[in-house]
There are 2 protein chains.
Amino acid sequence: MSAEQPGTTLAVSTVIFALRPDATSGLMTLWLPLVRRTREPYEGHWALPGGWLPDDEELATAAARTLRETTSLTPTYLEQLYTFGALDRSPGRRVISVVYWALVQSVEAAQVTVGENVKWFPADALPQLAFDHNRIVEYALWRLRTKMEYSRVAHAFLGETFTLSQLREVHEAVLQRPLDPANFRRSMEASGSIVDTGERLAGARNRPPRLYRYNAELLAPSGAPSRRRPSEIPERPHTARPTPGESS
Amino acid sequence: MSAEQPGTTLAVSTVIFALRPDATSGLMTLWLPLVRRTREPYEGHWALPGGWLPDDEELATAAARTLRETTSLTPTYLEQLYTFGALDRSPGRRVISVVYWALVQSVEAAQVTVGENVKWFPADALPQLAFDHNRIVEYALWRLRTKMEYSRVAHAFLGETFTLSQLREVHEAVLQRPLDPANFRRSMEASGSIVDTGERLAGARNRPPRLYRYNAELLAPSGAPSRRRPSEIPERPHTARPTPGESS
DNA sequence: TCAAAAGTGTTCCTGTTACACCCATGT
DNA sequence: ACATGGGTGTAACAGGAACACTTTTGA
């Protein structure tokens with residue numbers, strides 16, 4: 001009944017997303033930082049940032065630390081993704097990985113300089129990664145994209161204030177399709193997720209756009225069960241998807 | 001870097017849902033089986049079925065076993081819910097619980113006889129449970145209800161074939177509101193999730209209804225990342241909700 | 001023939017999509 | 001003045017909700 005499990009180890013990994021301009025097109029696209037493994041198994045392969053879970057550290061805290069240690073950034077969004085625990089996912093001993101996904105601000109991410117063993121990759125063109133990390137990223141990508149459609153995570157890529165164009169650019173980059181500016185404006189205003197600051201952004205050679213702020217009144221749906229009662233305000237819908245296939 | 005965690009223990013628990021008739025009204029409502037704790041901590045309190053994770057058992061398999069050991073039933077639906085790992089969630093040593101949720105068929109659940117230490121409770125009127133299990137059930141309930149609206153999990157409560165009334169009764173019981181039979185029929189037929197068997201169910205003193213079968217063609221969205229490519233067929237929307245508040 | 005549930009038809013309403021058009025600013 | 005994106009208006013369409021109505025069985 002009370003069997004201990006010395007052969008099982010607990011790890012925490014994080015899929016970190018940032019928007020960075022594409023090398024050739026200049027358009028914003030999704031990138032994520034990976035670390036090169038310096039030991040077996042999978043030595044030399046790229047892998048998700050992570051590490052063993054200390055006994056005295058919260059899961060989300062460990063994920064945030066991981067993120068800070070690799071990118072020197074603070075996540076503006078952090079949510080548990082899934083726990084991967086298949087017997088064969090790591091050669092040798094069994095490893096159970098509680099995986100989080102995070103968003104960091106684009107402007108900060110653009111400044112980060114990386115070393116030999118840390119590199120940013122376009123989310124849609126990854127090399128062969130260590131362990132089951134390709135599948136994990138694929139799932140995280142799916143989560144981000146569907147969540148973008150019904151939730152209000154986009155602002156996590158932006159700063160305190162932003163224009164509707166900037167917000168739309170985020171949506172377009174994540175969803176990989178153009179959105180009608182007029183309709184986008186209306187749907188955002190209708191959702192109540194943004195607030196007009198009254199200020200405008202001058203400088204461009206066109207009509208100065210309004211600056212908006214994220215509306216923190218509406219409680220943010222994060223994907224994790226909340227301590228408080230669930231929101232009475234239903235959010236927007238999203239599309240469903242099979243989970244990582246642990247059961248299949 | 002490679003710190004072991006002897007002070008942390010891994011457990012698997014499952015929230016098991018079944019539909020059973022309400023004692024007074026006779027209407028179908030959600031119930032779940034709980035087990036009474038026979039030792040500290042929380043001795044005497046009711047808790048979710050579960051146990052320590054063996055080193056050589058898959059997570060989902062452990063969840064299914066747990067379910068079988070308590071209810072003698074086989075789950076028709078099983079999906080990972082969330083991993084709870086707050087430092088203070090268990091007095092004494094640290095316990096990380098990977099929680100699953102499951103659905104079992106109503107007809108089978110109705111036959112199950114339970115003992116002194118296993119009892120079914122109405123999902124909406126639970127006593128004070130051990131650990132953070134009240135919060136876990138609350139989150140599982142939310143997941144079931146939102147998933148019911150955009151996915152096709154309802155058939156998991158039913159047998160191989162079923163009438164539209166039976167399917168609607170499941171939806172009504174879970175969502176706790178009446179649904180228009182005409183519109184329900186059309187939305188089900190339009191979704192393509194059910195197939196007419198050609199047979200009818202006679203016996204009642206009214207027009208014999210058609211018998212339908214679940215359409216397994218459309219891949220079932222389960223909530224876990226799949227090994228295959230994600231469905232190209234977007235499912236129906238659902239409403240969002242904050243996750244367990246691990247981060248708050 | 002009547003009650004009860006199966007099943008069909010139709011209208012209303014709301015939210016989304018597509019796109020035409022005007023507005024304000026820097027060069 | 002004009003190019004450029006900001007911002008508004010509006011018609012067409014699709015899907016859902018409400019509800020009247022017909023059909024088929026057992027009693």
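Each chain gets a letter, A, B and so on, in the order its sequence line appears, and its residues count up from 1.
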Open item on the list: Measuring to OP1 and OP2 of C/dA6, would you say a side-chain N or O of B/Arg185 lies under 4.0 angstrom away?
Closed with: no

Task: CZ on B/Phe17 to CZ on B/Phe157, rounded to 0.5 Å - done: 7.5 Å

Task: End axis versus end axis in the helix from C/dT1-D/dA27 to C/dT27-D/dA1, the angle rounded to 10°, five pairs used at each terminus - done: 10°

Task: Between D/dG7 (C1') and A/Ile194 (CD1): distance, integer Å - done: 13 Å

Open item on the list: Distance check needed: D/dT8 C1' versus A/Met188 CE, whole Å only.
Closed with: 18 Å

- [ ] Report the residues that fulfil side chain to side chain contact (heavy atoms under 4.5 Å, CB included) with A/Leu27, sequence neighbours left out, ordered by chain and then residue number.
- [x] A/Ser25

- [ ] Provide, to the nearest angstrom, the distance between the CD atom belonging to B/Glu189 and the C1' atom belonging to D/dG15.
- [x] 16 Å

TODO: Go through the structure and list residues passing salt bridge (Lys or Arg N to Asp or Glu O under 4.0 Å) with B/Arg20, not counting sequence neighbours.
DONE: none

TODO: State which residues pass salt bridge (Lys or Arg N to Asp or Glu O under 4.0 Å) with A/Glu199; sequence neighbours excluded, sorted by chain then number.
DONE: none

Taking only N/O atoms, report every protein-nucleotides 25-27 of chain D pair under 3.5 Å with atom names and distance.
{"residue": "D/dT25", "atom": "O2", "partner": "B/Arg205", "partner atom": "O", "Å": "3.0"}

TODO: Send over the distance from A/Leu179 CG to D/dG6 P, rounded to a whole Å.
DONE: 14 Å

Task: Counterpart residues, side chain to side chain contact (heavy atoms under 4.5 Å, CB included), relative to A/Ala204 (two or more places apart) - done: A/Asn206

Task: Residues forming a salt bridge (Lys or Arg N to Asp or Glu O under 4.0 Å) with A/Arg213, sequence neighbours excluded - done: A/Glu160

TODO: Please list all pairs passing the ring-ring contact (aromatic ring centres under 6.0 Å, His included) test where one or both residues lie in residues 164-195 of chain B, with sequence neighbours left out.
DONE: B/His171-B/Phe184

- [ ] Please state how far atom CG in A/Leu211 lies from atom C1' in D/dG7, giving the value in whole angstrom units.
- [x] 15 Å

- [ ] Could you tell me whether the side chain of B/Pro49 reaches within less than 4.5 Å of the side chain of B/Thr14, counting heavy atoms only?
- [x] no

Open item on the list: Rounded to whole Å, how long is the line connecting atom CG of B/Leu175 with atom C1' of D/dA17?
Closed with: 16 Å

Open item on the list: Show every salt bridge (Lys or Arg N to Asp or Glu O under 4.0 Å) that has at least one partner inside residues 200-210 of chain B, sequence neighbours left out.
Closed with: B/Asp196-B/Arg210

Task: Contact list for DNA chain D against residues 161-170 of chain A - heavy-atom distance below 4.0 Å - done: A/Ser165, A/Arg168

Task: Pair B/Leu211-B/Thr163, side chain to side chain contact (heavy atoms under 4.5 Å, CB included): steps then yes or no - done: CA-CA 5 Å; B/Leu211 279 171; B/Thr163 69; 3.9 Å; yes

Task: Atom pair distance, as rounded to whole Å: CZ in A/Arg177 and C1' in C/dA18 - done: 14 Å

- [ ] Could you list the residues that satisfy side chain to side chain contact (heavy atoms under 4.5 Å, CB included) with A/Thr71, not counting sequence neighbours?
- [x] A/Ile16, A/Pro33, A/Leu67, A/Leu73, A/Trp120

TODO: For the residue pair A/Thr83 and B/Thr83, confirm or rule out a side-chain donor-acceptor distance under 3.5 Å.
DONE: yes

Task: Nearest-0.5 Å distance, CG of residue A/Leu103 to OG1 of residue A/Thr76 - done: 5.5 Å

- [ ] Could you state the atom-to-atom distance from CG of B/Leu201 to P of C/dG7 in whole Å?
- [x] 10 Å

Below 3.5 Å is the cut-off: list the nitrogen or oxygen pairs between protein and nucleotides 9-11 of chain C, distance only.
{"residue": "C/dG9", "atom": "N7", "partner": "B/Arg186", "partner atom": "NH1", "Å": "3.0"}
{"residue": "C/dG9", "atom": "O6", "partner": "B/Arg186", "partner atom": "NH1", "Å": "3.4"}
{"residue": "C/dG9", "atom": "O6", "partner": "B/Arg186", "partner atom": "NH2", "Å": "2.8"}

Task: Nearest-0.5 Å distance that lies between atom CD1 in A/Ile194 and atom OG1 in A/Thr161 - done: 12.0 Å

